[in-house]
Amino acid sequence: FAFFLAFFGNSMAYYITGPLVFSLFVYLMAFGYFNNQWFDKADQTPLEKYQNKKIDEDQAQRWISELEILMTDRKMYCKPDLKLRDLAEELNISSHQLSQLLNDNLGKNFKAYLNEHRIEAACALLNTDHALSLEGVGNEVGFKSKSNFFTTFKKFKSLTPAQYKISMSSQ
């Protein structure tokens with residue numbers, strides 16, 4: 001409308017604002033179309049991401065059993081530089097499959113899974129081996145630094161390792 005007023009009305013303000021308003025309208029329509037927000041079909045339900053890539057339940061249980069053997073018997077968690085890729089190679093599966101297994105079947109990511117095993121092993125050491133220092137316990141179970149061990153321990157147990165050791169000795 002402003003464009004036509006400028007063309008027929010001979011006014012410089014309409015001559016500039018007309019194309020700007022028209023361009024803005026065209027850009028908004030294109031943006032809405034390509035982002036599929038305004039032109040989305042209301043009756044379509046989104047498909048669950050990766051629904052056809054789920055790990056078979058029997059296969060998942062086998063891998064979880066093998067994973068637990070690696071973590072408890074072979075104490076893979078004690079390796080300070082353990083990566084998802086290393087654990088996946090031990091299981092003869094891809095890193096993506098292991099990540100999906102942990103997330104979908106155990107409800108945790110690799111870091112949480114690894115730290116859970118490390119903290120449980122640290123608790124066992126704190127209960128039995130009284131000769132090790134707190135830093136030594138952290139090193140034994142695979143933590144690289146004292147601060148990382150203390151932070152992670154407190155996150156999982158709501159106590160510092162020293163508080164945990166005192167509470168266990170008083171029982």
Side-chain angles (χ1 to χ4, degrees), residues 28 30-129 132-169 171:
L28 285 174
F31 180 76
Y33 179 76
F34 288 116
N35 281 326
N36 209 13
Q37 293 172 356
W38 296 336
F39 301 102
D40 198 15
K41 295 180 179 123
D43 61 335
Q44 272 188 341
T45 56
L47 294 175
E48 186 180 336
K49 194 174 184 181
Y50 306 118
Q51 82 180 34
N52 60 346
K53 302 224 182 212
K54 292 275 184 199
I55 299 172
D56 176 48
E57 193 61 36
D58 292 333
Q59 183 65 49
Q61 289 306 317
R62 280 193 299 273
W63 286 345
I64 290 170
S65 298
E66 291 175 24
L67 185 60
E68 285 302 313
I69 289 170
L70 285 175
M71 296 305 269
T72 55
D73 295 348
R74 293 191 41 204
K75 299 185 186 216
M76 294 286 290
Y77 60 84
C78 290
K79 295 181 179 181
D81 293 324
L82 184 66
K83 299 202 179 356
L84 178 74
R85 175 179 29 89
D86 302 331
L87 205 51
E89 285 175 7
E90 289 289 329
L91 289 169
N92 293 320
I93 61 175
S94 71
S95 299
H96 173 76
Q97 287 174 316
L98 178 56
S99 179
Q100 187 178 4
L101 177 75
L102 292 171
N103 289 315
D104 292 348
N105 297 85
L106 299 178
K108 54 190 91 164
N109 62 25
F110 174 69
K111 185 177 178 183
Y113 179 75
L114 179 62
N115 285 336
E116 186 178 278
H117 279 279
R118 287 177 173 170
I119 296 303
E120 289 306 315
C123 289
L125 280 175
L126 288 170
N127 289 334
T128 57
D129 193 345
L132 273 176
S133 68
L134 296 177
E135 188 175 356
V137 169
N139 289 337
E140 281 291 314
V141 297
F143 287 99
K144 289 182 182 180
S145 70
K146 178 181 174 180
S147 63
N148 190 12
F149 170 55
F150 278 45
T151 304
T152 307
F153 195 96
K154 186 158 186 162
K155 179 181 173 188
F156 277 83
K157 295 294 181 181
S158 301
L159 297 169
T160 64
Q163 292 169 334
Y164 180 82
K165 191 171 188 174
I166 290 169
S167 73
M168 287 295 128
S169 65
Q171 289 182 356

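From a predicted model like this one, the values you see are computed outputs, not experimental measurements. We number each residue from 1, following the sequence as shown.
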* Asked: Do side-chain atoms of Ser99 reach the backbone of Ser95 as a donor and acceptor pair under 3.5 angstrom?
  -> no
* To do: Return the minimal non-hydrogen interatomic distance between Tyr77 and Met71, and the atom names on each side.
  => CE2-O, 2.9 Å
* Asked: Minimum heavy-atom separation for Lys144 to Asn139, with atom names?
  -> O-OD1, 4.2 Å
* Asked: Shortest non-hydrogen contact from Asp104 to Lys54?
  -> OD2-NZ, 3.8 Å
* **Nearest-0.5 Å distance that lies between atom CG in Leu70 and atom OG in Ser65** => 11.0 Å
* Test salt bridge (Lys or Arg N to Asp or Glu O under 4.0 Å) applied to Lys155 and Glu116, step by step -> CA-CA 10 Å; Lys155 179 181 173 188; Glu116 186 178 278; over 6 Å; no
* For Leu91 and Leu98, what are the C-alpha separation, side-chain angles and deciding distance, and is it a side-chain contact (heavy atoms from CB on, under 4.5 Å)? -> CA-CA 9 Å; Leu91 289 169; Leu98 178 56; 3.9 Å; yes
* Asked: For Lys108, does the NZ atom have more than 12 heavy-atom neighbours from other residues, nucleotides or ligands under 6.0 Å away?
  -> yes
* Please report the C-alpha distance between Glu57 and Asn105 in whole Å, then the side-chain angles of each, then the deciding distance to 0.1 Å, and finally whether the side-chain contact (heavy atoms from CB on, under 4.5 Å) criterion is met. => CA-CA 9 Å; Glu57 193 61 36; Asn105 297 85; 4.0 Å; yes
* To do: Grab the two heavy atoms, one from Lys75 and one from Thr72, that are nearest each other, plus how far apart they are.
  => CG-O, 3.6 Å
* Examine distances only and state if a side-chain atom of Thr151 and a backbone atom of Asn148 form a donor-acceptor pair shorter than 3.5 Å. => no
* **Glu140 vs Leu125, side-chain contact (heavy atoms from CB on, under 4.5 Å): CA-CA, chis, key distance, verdict** => CA-CA 9 Å; Glu140 281 291 314; Leu125 280 175; 3.8 Å; yes
* Mind running side-chain contact (heavy atoms from CB on, under 4.5 Å) on Leu126 and Phe153 for me, showing each step along the way? => CA-CA 12 Å; Leu126 288 170; Phe153 195 96; 3.9 Å; yes
* May I ask you to check whether over 12 heavy atoms, not counting those of Lys165, lie within 6.0 Å of atom NZ? => yes
* Asked: Do you know which two heavy atoms are closest between Leu82 and Phe110, and how far apart they sit?
  -> O-CE2, 4.0 Å
* Asked: Trp63 pairs by side-chain contact (heavy atoms from CB on, under 4.5 Å) with which of Asn92, Leu102, Ile93?
  -> Ile93
* The single option from Thr152, Leu134, Val137, Ile166 passing side-chain contact (heavy atoms from CB on, under 4.5 Å) against Pro161 -> Leu134
* Asked: Just wondering, do Phe143 and Ile119 contact through their side chains at under 4.5 Å, heavy atoms?
  -> yes
